[in-house]
Amino acid sequence: MLKLDTLNPEQFAAVTLPAQSALILAGAGSGKTRVLTTRIAWLIQTNQVSPAGIMAVTFTNKAAKEMLTRLSSMLPINTRGMWIGTFHGLCNRLLRTHYRDAALPQTFQILDSQDQLSLIKRMLKAHNVDDEKYPAKALMYFINNAKDQGLRASQVEAYDPIERRMVELYELYDQQCQREGVVDFAELLLRSYELLSRNTPLRHHYQMRFRHILVDEFQDTNDLQYNLLKLLAGQGESGGGAIFAVGDDDQSIYAFRGANVGNMSAFERDYQVKNLIKLEQNYRSHGHILDSANFLIANNAKRLGKNLRTDAGQGEQVRVYEASSDLEEAQWIIEESKSLMNEGMGRNEIAILYRSNAQSRVIEHALFAAGIPYTVYGGLRYFQRAEVKHAIAYLQLMDNPHNDSAFMRVVNFPTRGIGARSIEQLQMAADSYGISLYAAVPYMTGKAGTVLGNFVKLIEGARFETQQLPLPELVRVVLERSTLLTHYGNEKEGADRIENLEQMVSAATQFVQEEGFGTQAPAHLGPPAQAQAGESVVFQDGIEILDGGAPLPTVMSPLSAFLSHASLEAGDAQAQAGQEALQLMTVHSAKGLEFDAVFITGLEEGLFPHESSAREADGVDEERRLMYVAITRARRRLYMSFTQQRMLHGQTRFNMKSRFFDELPDESIKWLSPRVQGNWFGGRKSTTAWDDAKFREGGSDNKIAQQITQKAGNGTGWRVGESVVHAKFGEGVIVNIEGGAGAARAQINFGSAGVKVLDLSIAKLERVGR
DNA sequence: GAATGTGGAATTTTT
DNA sequence: TTCCACATTC
């Protein structure tokens with residue numbers, strides 16, 4: 001039963017808004033997902049809309065799943081078949097349903113970024129393009145960028161010869177994809193957009209159907225997604241549904257991949273939003289933590305404006321620690337974590353966050369040495385593993401033989417005597433006829449013809465043999481016939497890979513059950529005759545196609561669906577095992593999560609905010625939002641740390657402490673470490689039990705002591721890494737000291753004022769004390 | 001066709 | 001420093 005009485009007034013207002021477009025500014029920890037799902041449940045329960053009239057869009061599969069789970073616990077309805085999913089997942093469904101109108105083959109396949117890059121490389125090679133001048137990665141970026149803005153090659157404006165060529169290559173790329181029957185991620189959206197904008201009856205159908213469109217993480221939408229929503233909601237046409245947009249402009253941290261926060265204010269304007277509701281009541285963090293977040297984010301100029309509050313009380317202050325080096329920082333984290341765990345805090349309630357992945361190594365190393373279990377987020381995902389991709393490639397070829405990426409991946413893997421020469425000839429033939437590699441095989445003669453012919457027979461044979469089999473068994477057969485299992489069986493390190501391959505059978509079993517393919521066994525029989533939802537549409541070409549409300553089983557074969565699933569949902573990041581472990585991750589991947597205790601590490605100028613952010617427009621603002629996200633992950637205890645020296649790219653760097661420290665409220669901060677005074681080992685007062693003296697004792701830590709000794713300032717009274725204040729240049733860090741006592745000059749990094757070389761006997765420097 | 005070497009780059013990430 | 005892609009070698 002639906003419980004509305006436990007909602008706070010703002011949440012309640014949002015859930016029960018009338019059927020008009022609304023913008024919900026949902027702060028971190030304000031119950032955003034709850035509002036979203038309760039809104040859906042409320043709309044359905046009050047009979048304002050049927051489940052088929054709802055569309056809810058998220059960015060990640062995880063969020064979509066969460067929404068579905070919560071919804072089914074609130075309402076006694078079957079959520080299967082409802083249009084709740086990621087942008088890409090829903091677009092896939094749309095295109096599958098209307099593949100003819102979208103000019104796609106029924107079995108079109110989805111390229112992941114890896115496949116996309118390899119297609120581009122192949123294409124560049126085939127056209128003899130100078131890969132120095134046009135690197136595959138750059139072209140991929142160019143293409144995706146254009147698509148994310150909704151632009152085809154013909155619509156991209158080129159300002160110089162290089163760009164003009166890029167546009168040509170973009171055009172060629174699209175042609176190649178079309179030949180192969182594959183679409184990349186951005187294409188799923190662009191194709192859907194074009195389909196709906198060109199096909200008026202179809203557009204009207206969906207506009208009439210989706211009375212309520214709910215969008216999660218609206219601040220993360222890109223231009224194309226925004227325009228797609230606009231089409232679906234019938235903006236500018238009559239009869240469109242209402243958009244319920246939920247987002248937080250302060251948590252917009254994906255501009256680098258095309259997200260446009262401006263979409264929030266654009267939405268307000270374009271839809272004349274009368275209902276702007278702010279969810280500012282935070283149910284996660286204690287007061288000092290929220291105060292810190294609020295203070296910090298207030299330094300950003302362009303904001304819709306929002307302040308988090310809590311009933312939880314002030315709680316503990318934020319603890320700030322200055323370490324002498326990255327190694328010491330890691331040691332400190334370990335000591336603090338240990339005492340947290342001794343106090344009874346669960347290991348997985350402690351998160352260690354960093355700005356960039358490279359920072360995890362030192363911490364991991366220290367954790368390993370200390371024997372503390374930990375998990376690092378963001379590794380290779382299941383369907384991205386090489387062996388799994390190989391198996392998938394065989395399946396792809398059976399479902400759509402014209403997928404050249406799949407062809408290239410396994411034509412000679414495991415090796416079957418098809419060498420570079422044969423492939424080259426095949427490539428040329430395919431190019432000259434403008435067909436796929438697979439289709440070009442019959443044109444081959446001689447030895448190449450024989451070996452390639454055998455490969456084709458292998459695929460055809462597998463296809464024939466599995467025609468009547470349910471998906472999991474089909475997978476099983478393919479694993480064997482491809483000889484992948486035998487191949488890895490002969491490898492010394494192949495055991496894990498075999499295990500991963502075996503797991504694919506269970507993945508298929510699970511998929512078939514979850515998606516409702518269980519009752520229909522044959523993989524290739526195609527769609528059954530009737531759709532689930534009643535309506536159907538007649539399209540311009542006179543072909544009647546089943547209503548898009550049907551769940552996947554009615555619009556595609558289990559194999560096609562499974563392959564889509566593998567591309568769209570790459571699977572969990574490895575080894576969820578060891579649940580009881582410290583959680584290491586980048587700040588980006590921490591978004592949406594929460595922990596009792598959080599460490600935000602490496603808070604140094606150049607790292608966080610990252611140096612490359614200075615070059616981008618509003619770059620530092622985005623870094624600040626990132627910091628805001630990091631802070632608001634913590635429930636009870638928050639640590640922040642920075643170091644005087646850090647090894648980065650094989651070089652020792654001396655950074656200033658992050659500017660973000662200056663943007664936090666003093667009363668919410670507790671400094672654990674007084675700023676170091678005087679010589680390195682002299683005036684240091686460490687508040688923790690282990691100190692630099694410990695480092696100087698033998699063991700592996702000895703090299704740190706040496707490193708530090710080297711950096712001492714040769715009796716100048718100053719040392720490298722020390723923070724100083726200059727009357728004109730402000731605060732800086734000594735990066736290097738040359739010459740001996742008396743005639744010493746110091747190289748000092750003043751951050752925005754640049755790096756200066758100053759004579760220590762002349763320049764009036766002051767130590768930074770605190 | 002696998003093994004070994006070399007050069008270059010090294011935020012952030014989902015689909 | 002370390003990882004990766006690519007090239008050359010056996």
Side-chain angles (χ1 to χ4, degrees), chain A residues 57-64 85-92 110-118 121 125 131-132 135-137 141 144 147-148 183-190 192 216-217 220-222 224-225 252-259 326 353-362 365 377-381 383-384 412-423 487 490-492 564-571 573 585-592 602 606-616 619 622-623 625-627 629-630 646-653:
Chain A
V57 206
T58 63
F59 278 86
T60 65
N61 292 299
K62 199 176 150 203
T86 62
F87 272 103
H88 299 267
L90 296 182
C91 285
N92 180 45
I110 301 162
L111 296 179
D112 65 17
S113 330
Q114 234 178 91
D115 301 331
Q116 188 188 17
L117 186 65
S118 86
K121 280 182 183 166
K125 211 175 221 168
D131 54 358
E132 300 272 289
K137 284 235 177 80
Y141 179 81
N144 289 339
K147 288 192 180 185
D148 282 345
V183 298
D184 58 53
F185 287 130
E187 182 73 22
L188 281 171
L189 304 187
L190 183 51
S192 299
D216 190 17
E217 307 279 16
D220 288 340
T221 51
N222 64 32
L224 180 53
Q225 287 157 345
S252 159
I253 56 173
Y254 286 111
F256 70 91
R257 67 177 196 211
D326 44 354
L353 310 184
Y354 33 80
R355 173 67 240 263
S356 62
N357 285 305
Q359 287 165 253
S360 77
R361 177 170 295 116
V362 179
H365 192 83
Y377 274 62
L380 256 198
R381 302 242 229 18
F383 284 109
Q384 316 240 25
N412 196 34
F413 191 92
T415 49
R416 47 177 71 88
I418 301 178
R421 310 158 294 283
S422 305
I423 298 298
H487 171 85
N490 294 333
E491 269 196 355
K492 35 189 191 309
S564 290
H565 167 80
S567 303
L568 289 176
E569 194 168 346
M585 66 192 84
T586 62
V587 180
H588 279 94
S589 36
K591 188 171 165 219
L607 248 193
F608 200 179
H610 198 272
E611 51 202 355
S612 40
S613 71
R615 276 173 251 134
E616 288 148 30
E622 176 138 329
E623 296 286 306
R625 291 192 289 267
L626 197 51
M627 180 68 183
V629 167
R646 170 183 302 279
M647 196 66 124
L648 197 66
H649 306 325
Q651 280 179 330
T652 307
R653 308 216 329 190

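Residue numbers start from 1 in every chain, and the chains themselves are labelled A, B, ... in the order their sequence lines are given, proteins ahead of strands.
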Scan A:Glu616 against the nucleic acid and name what it touches under 4.0 Å (heavy atoms): base, sugar-phosphate only, or nothing. base
Rounded P spacing from B:dT13 to C:dC4 in Å: 15 Å
Interatomic distance at C1', C:dC6 relative to B:dT11, whole Å: 24 Å
Judged by nearest nucleotide, the residue sitting upstream toward the 5' end of DNA chain B, A:Asn61 or A:Ile253, is A:Ile253
State, to 0.1 Å, how close A:Glu187 and A:Asp184 come at their nearest heavy-atom pair, and which atoms those are. N-OD1, 2.7 Å
Residues that A:Arg625 engages under salt bridge (Lys or Arg N to Asp or Glu O under 4.0 Å), provided they are two or more places apart: A:Glu622
Have a look at A:Phe59 and say if it touches a base, only the backbone sugar-phosphate, or nothing, with a 4.0 Å heavy-atom cut-off. sugar-phosphate
Nearest 0.5 Å please: distance from the NE2 atom of A:His88 over to the CG atom of A:Leu568. 8.0 Å
Between A:Thr415 and A:Leu188, which is nearer to the 5' end of DNA chain B once each is assigned its nearest nucleotide? A:Thr415
How would you label the contact of A:Asp184 with the nucleic acid (heavy atoms, under 4.0 Å): base, sugar-phosphate, or nothing? nothing
Would you classify A:Glu187 as touching base, sugar-phosphate or nothing, given that sugar-phosphate means primed atoms plus P, OP1 and OP2, and contacts are heavy atoms under 4.0 Å? nothing
Can you give me the dot-bracket string for DNA chain B, 5' to 3', counting Watson-Crick and G-U wobble pairs with both distances under 3.5 Å, using [ ] for crossing pairs and | for partners on another strand? ||||||||||.....
In whole angstrom, what separates A:Asn357's CG from C:dC4's P? 12 Å
If I compare all heavy atoms of A:Ala186 with all of A:Leu224, which pair ends up nearest, and what's the gap? O-CD2, 4.1 Å
Results of ring pair (Phe, Tyr, Trp, His ring centres under 6.0 Å) for A:Phe413 - residues two or more places apart only: A:His390, A:His487
Nearest 0.5 angstrom please: A:Asp115 CG to A:Ser567 OG, how far? 7.0 Å
Go through the structure and list residues passing ring pair (Phe, Tyr, Trp, His ring centres under 6.0 Å) with A:Tyr254, not counting sequence neighbours. A:Phe256, A:His588
Can A:Gln116 and A:Ser113 be said to form a side chain to side chain donor-acceptor pair (under 3.5 Å), step by step? CA-CA 5 Å; A:Gln116 188 188 17; A:Ser113 330; 5.5 Å; no
What nucleic acid atoms does A:Gly417 come within less than 4.0 Å of, heavy atoms only: base, sugar-phosphate, or nothing? sugar-phosphate
Reckon A:Tyr254 touches a base, only the sugar-phosphate, or nothing at all at heavy-atom distances under 4.0 Å? sugar-phosphate
Under 3.5 Å, which N/O atoms of the protein pair with N/O atoms of nucleotides 6-10 of chain C?
{"from": "C:dC6", "atom 1": "OP1", "to": "A:Lys121", "atom 2": "NZ", "distance (Å)": "3.3"}

Under 4.0 Å between a Lys/Arg side-chain N and an Asp/Glu carboxylate O for A:Lys591 and A:Asp220? yes
Between the OG1 atom in A:Thr221 and the CG atom in A:Asp216, the distance rounded to the nearest 0.5 Å is 11.0 Å
Just how far is it from atom CZ of A:Phe59 to atom OG1 of A:Thr86, taken to the nearest 0.5 Å? 9.5 Å
Syn if the chi torsion is within 90° of 0, anti otherwise; quick check, which is B:dT4? anti
Name the nucleic acid region contacted by A:Ser567, choosing base, sugar-phosphate or nothing; use a 4.0 angstrom heavy-atom cut-off, strictly under. nothing
Answer with base, sugar-phosphate or nothing: what part of the nucleic acid does A:Thr586 contact at a heavy-atom distance below 4.0 Å? sugar-phosphate
Taking all atoms of both residues into account, what is the closest heavy-atom pair of A:Ala630 and A:Val587, and its distance? CB-CG1, 3.6 Å
First and last nucleotide of DNA chain B in contact with chain A, 5' to 3', at under 4.0 Å to a heavy atom: what are they? B:dG1 to B:dT15
